[in-house]
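Okay, structure first, notes after.
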Number of protein chains: 2
Amino acid sequence: MVTKSDRLNDRELRAWRGFLTMQDDVRRHMNRQLTSEAGISLAEFSILSALRLQPDRPMRVFELVDTLKWEKSRIIHQLSRMVRRGLVERRASEEDGRGTDIALTAEGRGVIDKALPLHIDHIRRLFFDVVTPRQLDMLADLSEAVLENLEGEPFDQ
Amino acid sequence: MVTKSDRLNDRELRAWRGFLTMQDDVRRHMNRQLTSEAGISLAEFSILSALRLQPDRPMRVFELVDTLKWEKSRIIHQLSRMVRRGLVERRASEEDGRGTDIALTAEGRGVIDKALPLHIDHIRRLFFDVVTPRQLDMLADLSEAVLENLEGEPFDQ
DNA sequence: GATCAAAGGATGACTTGTCATCTACTCAAC
DNA sequence: GTTGAGTAGATGACAAGTCATCCTTTGATC
């Protein structure tokens, strides 16, 4: 049973503030590295690398939603911006008259192929170089526990 | 010495994807809970609770920057929006002619006093209830290690 | 084959966050 | 007391993310 109280204790506060700050800073660093070395944002990187996982076929919008776990509308807006920049293409799906296939353009493929190794180098230096294997596994466990817990919560989906 | 490679191994991938997804989802949940139960966003909550830490004096903008570790411009824009909504006030600083004091309005104080306990309840259910003390300390250590490491990196500040 | 709920996706309005740039003031050196 | 570098904060333009709403197609039921 968990002790309830109207404030966080020192241990909780340390972890929580550290987590929030770290996660915010890490995102900002990733964004800046990608912008300056590959000319794309972290959001664009996320979409492009999801598409790169299925190199030889386009993906449906809902597959991107499932892969990235973003809100549908967030994905769709991001795709619209990326279509404008020529990184991806929309095509009517052949299987489902309501559906849209999303495909990498040649430029999108070029960009992600260049960005991926640079980004992996970056997050290695940023993150993995100072995190022990034990911490890594604990973070994975913790993340999965929290994610699973989230599904039962109000304000979900 | 760390093994370099152009891709993440399974262990790294599991932790990294879990972390990114979890952190994104947690933010979204916090935002929704605050919006629906207290009528403010997470960004507004962050500013208001920083101000609430010094209940009896206004804070300077740079103090908010130091406390929250946000970019200066992010803080300033957020403050402008919150002034518009009547949650905080700007006053010329008496000590420094360039400076601005930021103070809670009566409404801002009312809102944060109502929001704080609700939010703490929420993150307890969301997060602390499924995270062990050991994991908590590990997360704090990990966050501090990564934050410290970030300071030496390019793309900092 | 008409009806209708649900699925797949798009759009608009609005908030949030970033970068680049700008103004006003301070403080030190001369 | 000028000059000039650095500090404190503000602004504008744009990219991201959220919510509410909309349109079309599908698929089940009658």
Side-chain angles (χ1 to χ4, degrees), chain A residues 20 23-36 39-47 58-66 68-85 87-102 155-157, chain B residues 20 23-36 39-47 58-66 68-85 87-102 155-157:
Chain A
L20 288 182
Q23 151 265 18
D24 214 78
D25 275 33
V26 165
R27 282 191 152 293
R28 202 163 23 246
H29 269 77
M30 291 195 295
N31 242 311
R32 286 212 258 256
Q33 177 266 329
L34 284 165
T35 305
S36 80
I40 53 176
S41 65
L42 178 56
E44 289 168 331
F45 176 86
S46 306
I47 301 264
M59 282 176 89
R60 292 286 298 278
V61 172
F62 70 84
E63 292 182 287
L64 284 168
V65 171
D66 292 346
L68 295 177
K69 323 264 191 229
W70 291 4
E71 291 210 338
K72 189 172 69 167
S73 145
R74 179 180 175 189
I75 301 255
I76 292 176
H77 278 299
Q78 191 58 49
L79 289 173
S80 298
R81 290 186 290 261
M82 293 173 73
V83 167
R84 245 180 270 138
R85 293 196 206 163
L87 295 171
V88 301
E89 272 177 3
R90 286 200 238 244
R91 300 176 197 146
S93 161
E94 287 170 1
E95 297 141 26
D96 188 330
R98 300 164 295 183
T100 307
D101 283 338
I102 306 294
F155 314 116
D156 192 33
Q157 67 138 335
Chain B
L20 288 182
Q23 150 266 20
D24 214 76
D25 275 31
V26 165
R27 281 192 153 291
R28 204 167 17 251
H29 269 77
M30 292 194 295
N31 242 312
R32 285 210 258 255
Q33 175 265 330
L34 284 165
T35 305
S36 82
I40 53 176
S41 65
L42 177 56
E44 289 168 330
F45 176 85
S46 306
I47 299 265
M59 281 175 91
R60 292 286 297 279
V61 173
F62 71 84
E63 292 182 288
L64 285 168
V65 171
D66 291 346
L68 295 177
K69 322 264 193 228
W70 291 5
E71 291 211 337
K72 190 172 66 168
S73 145
R74 180 179 174 190
I75 301 256
I76 291 175
H77 277 300
Q78 192 56 49
L79 288 172
S80 298
R81 292 186 288 259
M82 293 173 73
V83 167
R84 245 179 270 139
R85 293 195 206 166
L87 296 171
V88 301
E89 273 176 1
R90 285 200 241 242
R91 300 177 197 146
S93 162
E94 289 169 1
E95 296 141 25
D96 188 328
R98 298 164 295 184
T100 307
D101 283 338
I102 306 294
F155 314 115
D156 192 33
Q157 66 136 339

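Convention: sequence-line order gives letters A, B, ...; per-chain numbering from 1.
- Straight-line distance from the CD atom of B:Gln78 to the P atom of C:dT15: 11 Å, rounded to whole Å.
- Taking 4.0 angstrom as the limit, A:Arg28 places none of its side-chain polar atoms (N or O) nearer than this to OP1 or OP2 of C:dG17.
- Taking atom CD1 on B:Ile75 and atom P on D:dA10, their separation rounds to 11 Å, with Å as the unit.
- Close to C:dC19, at under 4.0 Å from its OP1 or OP2, lies no side-chain N or O of B:Arg74.
- Taking only side-chain nitrogens and oxygens, A:Arg27 never comes nearer than 4.0 Å to OP1 or OP2 of C:dG17.
- Between the side chain of B:His77 and the base of D:dG9, no donor-acceptor pair under 3.5 Å is found.
- The distance from atom CD of B:Glu71 to atom C1' of C:dT16 is 13 Å, rounded to the nearest whole Å.
- Residue A:Leu42 contributes atom CG, which lies 12 Å from atom P of C:dT18 at whole-angstrom precision.
- The separation between A:Ile76 atom CD1 and C:dT11 atom P is 9 Å, rounded to whole Å.
- Phosphate contact (OP1/OP2 of C:dT16, side-chain N/O of B:Arg85, threshold under 4.0 Å): present.
- Side-chain proximity of A:Arg81 to D:dA16, C:dT16, C:dT26: nearest is D:dA16.
- Nucleotides of DNA chain D nearest to A:Glu95 and A:Arg84 differ in position, and the one nearer the 5' end is that of A:Arg84.
- Counting non-hydrogen atoms under 4.0 angstrom, A:Asp96 reaches the backbone sugars and phosphates but no base.
- Between A:Ser41 and D:dA16, a side-chain N or O to OP1/OP2 separation shorter than 4.0 Å is present.
- The base of C:dA24 lies outside donor-acceptor range of the side chain of B:Arg98, with no N or O pair under 3.5 Å.
- With D:dA8, C:dG8, C:dC19 as the choices, the nucleotide that has an atom nearest any side-chain atom of B:Ser73 turns out to be C:dC19.
- A sub-4.0 Å separation between OP1 or OP2 of C:dC19 and a side-chain N or O of A:Arg32 is present.
- Summarising the geometry, the separation between CE on B:Met82 and P on C:dG17 is reported as 11 Å, rounded to the nearest angstrom.
- Contact annotation for A:Thr100: backbone-only contact, meaning every heavy-atom pair under 4.0 Å involves sugar-phosphate atoms and none involves a base.
- Heavy-atom distances to DNA chain C give each of A:Ser80 and A:Asp24 a nearest nucleotide, and the one nearer the 5′ end belongs to A:Ser80.
- For the OP1/OP2 pair of D:dA10 and a distance below 4.0 Å, the side-chain nitrogens and oxygens of B:Arg90 include at least one atom meeting the criterion.
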